[in-house]
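Beneath this line is the structure, given in structure tokens, with notes to follow.
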Amino acid sequence: MRLGLALGYWGRGPDPDHVALAQEAERLGYDSVWTAEAWGSDAFTTLTWIAARTSRIGLGTAVAQMAARAPTTTAMHALTLDHLSGGRVLLGLGLSGPQVVEGWYGRPFPKSPLTATREYVDVVRQVLRREGPVEVAGRFHAHPYRGADGTGLGKALKPITHPLRAGLPVLLGAEGPKNIAQTTRIADGWLPLYWSPTRTDVYEASLGDLREGFMIAPMARAKVCDDVAEGLLPVKAMLGFYIGGMGHAARNFHADLMARMGYEEEARQVQELFLAGRREEAVLAVPDAFADEISLVGPRERIAERLSLWHAGPVTDLLVLAPDPHTLRALAELNS
């Protein structure tokens, strides 16, 4: 199981420690470093900044939001950074949810998310292969565009720049069972939002027979500390925000996932509290047990014991949200 460093997205401003953490992760032998985006900082600019200050470590987006860019634009970002970094890019994509797609990007959330995702990946693959002009008669992504409100003058094009790698890895963030199953067919890897090494049966039916080399790369908060309860507070804060704030009361994929993992009543309670403006209560309502099983928190010996559970499953890459060099170093030593 390889290790990756997940940096997430910025809050109020850039984190001054991110570049140093990425450099330390590279020095310790981490395989990859990952950036994200919500409705603030973007994934590619930060990743390019890190690329210029590292030399070996893989550069992943976990995730770049599909609604933020046309698929050809995303492919341009990926092939450009892949050239500049010497072939280190791992392109992680996610559809996000209706709240973000319609509220932030001002676009309709697709009525058929699986079809929209499949078409998006098809376009990206065609750009990266550069075997001919990009042509997709898609429901959501048509190249060239032939809609009634167009001019009819669109021409199928292929990229001027020759991509460095036709097989640049494409990974998908997927939560629903059908979306995960499709991911195993059309992508090179899967980026689970929550992964519990003791509940792998939640995903068993969707994963089926995985082809060789397929990446399963979940994200987990990690912190070497004496007080487990205190160490879990950032995990609970993250869960409270995702379950309560990253979606509508009637449609929240993150809350649905927590429910499928055995915490349905607690998920709905967190959601209700958060949407009622009682955010601190929402965070405290996140069960310690759930926060604990999807993270690696506590004394070094405890983390070592729990890390063995992650090794026993199908995870190929563990992307750790580790806020300090000490934790990064401990995980590298324990994983060797």
Side-chain angles (χ1 to χ4, degrees), residues 1-11 14-15 18-19 21-22 25-26 30-51 54 57-69 71 74-75 77-78 81-82 85 88-97 100-101 117 120-121 124 168-176 179-180 183-184 186-196 203 213-222 234-235 238-239 241-242 246 253-254 257 294-296 310 314-323 328 331:
M1 184 176 70
R2 297 175 292 254
L3 292 179
L5 169 64
L7 296 174
Y9 44 78
W10 296 352
D15 190 317
H18 275 183
V19 170
L21 280 173
E26 181 173 70
Y30 278 61
D31 191 73
S32 54
V33 57
W34 301 74
T35 58
E37 59 191 11
W39 48 88
S41 60
D42 78 279
F44 288 104
T45 305
T46 308
L47 202 60
T48 303
W49 192 258
I50 291 169
T54 55
I57 198 165
L59 306 162
T61 56
V63 295
Q65 296 180 341
M66 288 185 254
R69 307 163 188 86
T74 295
H77 279 299
L81 182 52
D82 207 43
S85 66
R88 292 192 275 153
V89 171
L90 298 148
L91 181 59
L93 303 172
L95 192 59
S96 194
V100 175
V101 173
T117 299
Y120 199 104
V121 172
V124 170
L168 186 155
V170 176
L171 299 89
L172 294 175
E175 294 182 54
N179 201 353
I180 297 168
T183 296
T184 66
I186 69 171
D188 302 298
W190 172 43
L191 296 161
L193 180 61
Y194 312 138
W195 180 274
S196 169
Y203 302 113
F214 186 84
M215 294 175 64
I216 297 180
M219 202 174 292
R221 180 86 178 185
V235 184
M238 176 272 293
L239 287 169
F241 177 65
Y242 270 74
M246 293 281 275
F253 301 136
H254 309 312
L257 175 57
I294 64 170
S295 61
L296 289 161
W310 294 77
V315 171
T316 62
D317 297 75
L318 175 59
L319 313 185
V320 294
L321 284 154
L328 284 181
L331 283 170

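- In this structure, Trp310 and Ala220 approach most closely via the heavy-atom pair CH2-CB, 3.9 Å.
- Scanning both residues, Ala51 and Leu81, for their nearest heavy atoms gives CB-CD1, 4.0 Å.
- Within the 4.5 Å cutoff, side-chain heavy atoms of Leu191 are placed close to those of Leu319.
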### Task
Take Arg69 and His77, measure what side chain to side chain contact (heavy atoms under 4.5 Å, CB included) needs, and give me the verdict at the end.
CA-CA 10 Å; Arg69 307 163 188 86; His77 279 299; 3.6 Å; yes
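- Looking at heavy atoms from C-beta onward, Arg2 lies in side-chain contact with Thr316 at the 4.5 angstrom threshold.
- Summarising the geometry, atom CD1 belonging to Ile50 is positioned 8.0 Å from atom CG belonging to Leu5; distances are rounded to the nearest 0.5 Å.
- Note: Trp190 and Trp195 have perpendicular aromatic rings, judged against thresholds of 30 and 60 degrees for the angle between ring planes.
- In this structure, Phe241 and His254 have side chains that are not in contact, with every pair of non-hydrogen atoms separated by 4.5 Å or more.
- No donor-acceptor distance shorter than 3.5 angstrom exists from the side chain of Asp188 to the backbone of Leu171, with no hydrogens or angles considered.
- Heavy atoms only, all atoms of each residue included: Glu37 and Ala43 are closest at OE1-N, 2.9 Å.
- To the nearest 0.5 Å, atom CH2 of residue Trp34 and atom OG1 of residue Thr46 are 15.0 Å apart.
- The shortest side-chain heavy-atom distance between Thr74 and Met66 does not fall under the 4.5 Å cut-off.
- Rounding to the nearest 0.5 angstrom, the gap separating the CG atom in Asp31 from the CG atom in Leu3 is 8.5 Å.
- Residues Leu318 and Leu296 are in side-chain contact: their nearest non-hydrogen atoms beyond the backbone lie under 4.5 Å apart.
- The two residues Ser96 and Gln65 have their closest heavy-atom pair at OG-NE2, 3.9 Å.
- Counting only heavy atoms from C-beta outward, the side chains of Ile294 and Leu239 approach each other to under 4.5 Å.
- The shortest distance between side-chain heavy atoms of Thr183 and Phe214 falls below 4.5 Å.
- Between Val89 and the options Asp82, Leu47, Thr61, a side chain to side chain contact (heavy atoms under 4.5 Å, CB included) holds for only Asp82.
- Applying the side chain to side chain contact (heavy atoms under 4.5 Å, CB included) test between Val33 and each of Thr54, Leu59, Val19 identifies Leu59 as the sole match.
- Of all non-hydrogen atoms in Ala78 and Phe44, the two that sit nearest each other are N-CE2, 4.4 Å.
- Taken from NE2 in His18 to OG1 in Thr35, the straight-line distance is 10.0 Å, to the nearest 0.5 Å.
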### Query
Is there a side chain to side chain contact (heavy atoms under 4.5 Å, CB included) between Tyr30 and Asp317 once you walk through the steps?
CA-CA 10 Å; Tyr30 278 61; Asp317 297 75; over 6 Å; no
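- Under the 3.5 Å distance criterion, the side-chain polar atoms of Trp39 are left unmatched by any main-chain donor or acceptor of Val100.
- Side-chain contact between Ile216 and Tyr203: absent, with no pair of heavy atoms (C-beta onward) separated by less than 4.5 Å.
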### Message
Using side chain to side chain contact (heavy atoms under 4.5 Å, CB included), reason through Val121 and Leu172 one step at a time and then give a plain yes or no.
### Response
CA-CA 9 Å; Val121 172; Leu172 294 175; 4.0 Å; yes
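- When all heavy atoms are compared, the tightest approach of Ala36 to Ala62 is CB-O, 3.3 Å.
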